[in-house]
Structure formats: C-alpha cells, structure tokens
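Note that these values count all heavy atoms, side chains included, but never hydrogens, waters or copies made by symmetry. Please read all numbers here as calculations on a predicted model, not as lab measurements. Order of appearance sets the numbers: ligands from 1, and atoms from 1 within every ligand.
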Amino acid sequence: MELSEYLRRIPKVSLHCHLEGSVQAATVVELARKHGEALPGGRTVENLYDYPDILEFLKVYTMVAGLMRDHDDFHRAAYETLQEAREHGVRYREMFWSPMAHMGAGVPYATAADGLVAGIRDAETDMGIQCRLIADIDRMQEPEAGLEMLDQVLEHRRPELIGLGLDYAEAGNPPEKHWKAFARAARAGLHRTAHSCEDAPARNVETCLDLLGCERIDHGYHVLEDDSLVRRCAGEGVLFTCAPVSTAWVYFGNDLANHPIKTMVKEGLKIMLDCDDPPMFGTNPSNDYAVAVEHMGLGPEEVRETVMNAIDGCWLDDTSKRRMRRDWGREIDALTVQLDASPG
Ligand SMILES: [Zn+2]
C-alpha cells in the first residue's frame with residue numbers, strides 16, 4: 001500500500017480544525033453569489049486563499065465567515081468539511097468555530113449554532129462521522145465581547161457544544177486577557193483549550209494551563225524555549241494539537257524540515273496532528289500526517305502514537321476512548337502490515 005493511501009486510511013481523531021477555515025473556495029464563491037456579494041479585491045476561486053501573512057489570512061477568514069448567514073449556510077459548511085474529513089479517515093472531530101465572527105456580522109448565535117448542529121447530525125447519519133463543537137473566543141476583541149459570546153453559548157446550550165477555545169492573533173493578546181470567560185466556562189461544565197505559543201513566549205502555555213484551566217494546548221511550539229515547562233508538560237502528559245502545514249507557512253518560513261514538531265516529539269511531548277484550516281492552506285487531514293512523515297521523521301510507530309494521543313486527549317468518555325484505542329490499534333496494525341508488505 002502506498003504511504004499516502006495508508007495515511008488516508010488510518011482512523012483519526014481531529015482536534016484542531018476550524019469550521020470557517022474549512023470552507024472550500026468553490027463553496028465560498030457560491031455563498032457570495034447566493035447573498036449577492038462580490039469577493040473583495042477581485043479575488044477568484046483560484047486566488048481566494050493566497051495571502052502574504054497571518055493578518056491578511058485573518059481578513060480572508062473573516063470574509064468567509066461573513067458569507068455564512070442563514071441556517072443552510074452553516075449546515076452546508078459543517079456537512080462539507082465533515083465529508084472531506086471522513087474521506088481522510090477522520091471518525092471523530094472536536095471542531096473549532098468562531099461565533100464572534102458571525103455575531104459581529106449580525107447573525108444571531110442560535111441561527112449559526114443550530115445550522116451547524118443540523119449539519120453535524122446529518123453527517124453522522126449519512127457517513128458515521130461524529131463531531132462536537134468548541135466555541136472560540138476571538139482574543140483580539142475585548143474580554144467583555146468574549147463574555148457576551150459565552151452568554152449566548154450558555155443561553156442556547158446544545159449538547160454538541162462541549163468546549164471553549166481561544167484563537168486569532170496571539171501577539172499582544174495574551175491568554176490572561178480572557179481569563180474570566182474561561183473561569184465561567186469551567187463553572188458551566190465546558191471543556192477548555194486555547195491556541196497558545198504559536199507566536200508568543202512559552203509562559204503563555206503556563207497561563208493556559210494554570211489560569212485558564214486548559215485541558216490541552218493548541219499549537220504550543222514555543223514551549224520549547226522553556227526547559228522546565230517542557231519537562232512539566234511531558235510529565236503531565238499535556239496534549240499539544242499541532243498543525244504542520246499551516247504553521248510552517250505562517251510562522252516558520254515554510255521550513256518543514258526544521259519545524260518545532262520534530263523537537264517536541266524528541267523532547268517527549270505528547271502531540272497529535274491536524275490540518276487547522278485545510279483548504280486555506282492547501283492541505284487536508286491526511287496530508288498533515290504525510291508532511292510529518294516526509295519532513296519530520298515520523299515513522300509508522302509515531303503515527304500510531306499520535307493517533308492514540310488524540311484519542312487520549314479528546315473529550316469523549318473513558319469507555320469510548322478505551323474501545324477506540326483497542327479497535328483502532330488493531331486496525332492501524334493491520335494497515336501497517338500492508339504498508340510494509342508493499343514493494344518499494
Ligand atoms: Zn488553529
């Protein structure tokens with residue numbers, strides 16, 4: 001079996017993928033047409049996802065989010081990304097979404113949430129893929145705006161919405177800025193995670209763990225700058241949800257061979273791999289594994305380990321996780337035999 005096919009078929013848990021970053025360019029064009037909008041700056045389906053830096057990327061991300069306006073748009077976005085995920089071996093996803101981007105564009109929270117939930121339920125019925133949602137705070141906005149979003153999440157509580165996250169540009173917006181929302185989310189029984197140390201000092205990881213009560217860290221690469229924190233995270237088994245392709249592009253000069261993920265694995269940190277904003281960075285859920293294998297020295301054993309790490313770090317109940325470890329472990333081992341048996 002070819003390596004790419006092997007990596008596609010490996011069963012996966014996805015813990016670091018953004019709904020709004022998952023909308024295919026062709027769908028964005030159709031949504032723009034549906035709502036009578038032109039794509040800004042004369043962009044087309046071909047160059048929609050070309051940008052020079054993270055701030056330009058965030059502008060496009062916000063534009064895409066702004067084209068999702070009614071129940072059907074949210075349903076479609078959720079369904080389509082889960083369809084792609086399923087084709088690449090994802091069987092369970094905890095997916096980020098950015099309610100503040102939609103609320104800022106005048107879409108009621110409940111309209112967006114109900115559209116997503118309907119899309120998720122249909123995807124599970126049609127394809128057997130399971131998905132839960134994590135509402136992300138836009139850290140660039142004021143703490144009050146984050147709290148208002150959380151009010152909406154709790155007022156329109158849906159069983160599929162299980163966690164609170166934190167994203168957008170980290171520089172200048174440290175995690176402590178939004179500590180109140182995280183404290184309230186904890187009291188309300190939501191799980192917590194945060195984008196951290198993609199582009200900021202190691203101490204942000206500590207703040208996320210100790211002040212925000214995060215159960216895992218999204219990205220976290222700059223943790224490597226603090227040896228004692230690395231030892232602590234390795235010892236406590238903190239899971240880092242890493243995205244090889246998107247972060248290489250945004251922060252590491254596209255240098256895949258020297259990507260910090262390689263060192264994180266060497267240092268004994270627990271990582272899993274995911275695709276972040278797949279079409280926006282020209283990737284997909286199995287391609288990020290392929291990149292890690294090709295450029296970061298991960299072999300089948302490490303691939304298996306990252307899948308197990310993702311199972312451990314997801315927010316399903318312990319019985320489900322035990323079953324997944326056992327069944328998926330067997331499945332991965334059977335696939336690995338076929339990989340080894342193939343010529344060349
Ligand atoms: Zn992300």
Please determine if [X] and [Y] form a salt bridge, counting it only when a charged side-chain N lies under 4.0 Å from a carboxylate O.
X: Lys270; Y: Glu236; value: no
X: Arg304; Y: Asp333; value: yes
X: Glu2; Y: Arg9; value: no

Check: Can you tell me if Glu20 and His102 form a side-chain donor-acceptor pair at under 3.5 Å?
Finding: yes
For residues 111-119, dump all side-chain donor-acceptor pairs below 3.5 Å to protein atoms at least two apart in sequence or in another chain.
unit_1	atom_1	unit_2	atom_2	d
Asp114	OD1	Arg158	NE	2.5
Asp114	OD1	Arg158	NH2	3.0
Asp114	OD2	Arg158	NH2	3.2

Item checked: Heteroatom count (protein N, O or S) under 2.8 Å of the Zn ion (ligand 1) -> 4
Checklist line | Test item: Lys12 and Val303 side chains (from C-beta on) under 4.5 Å apart, heavy atoms | finding: no
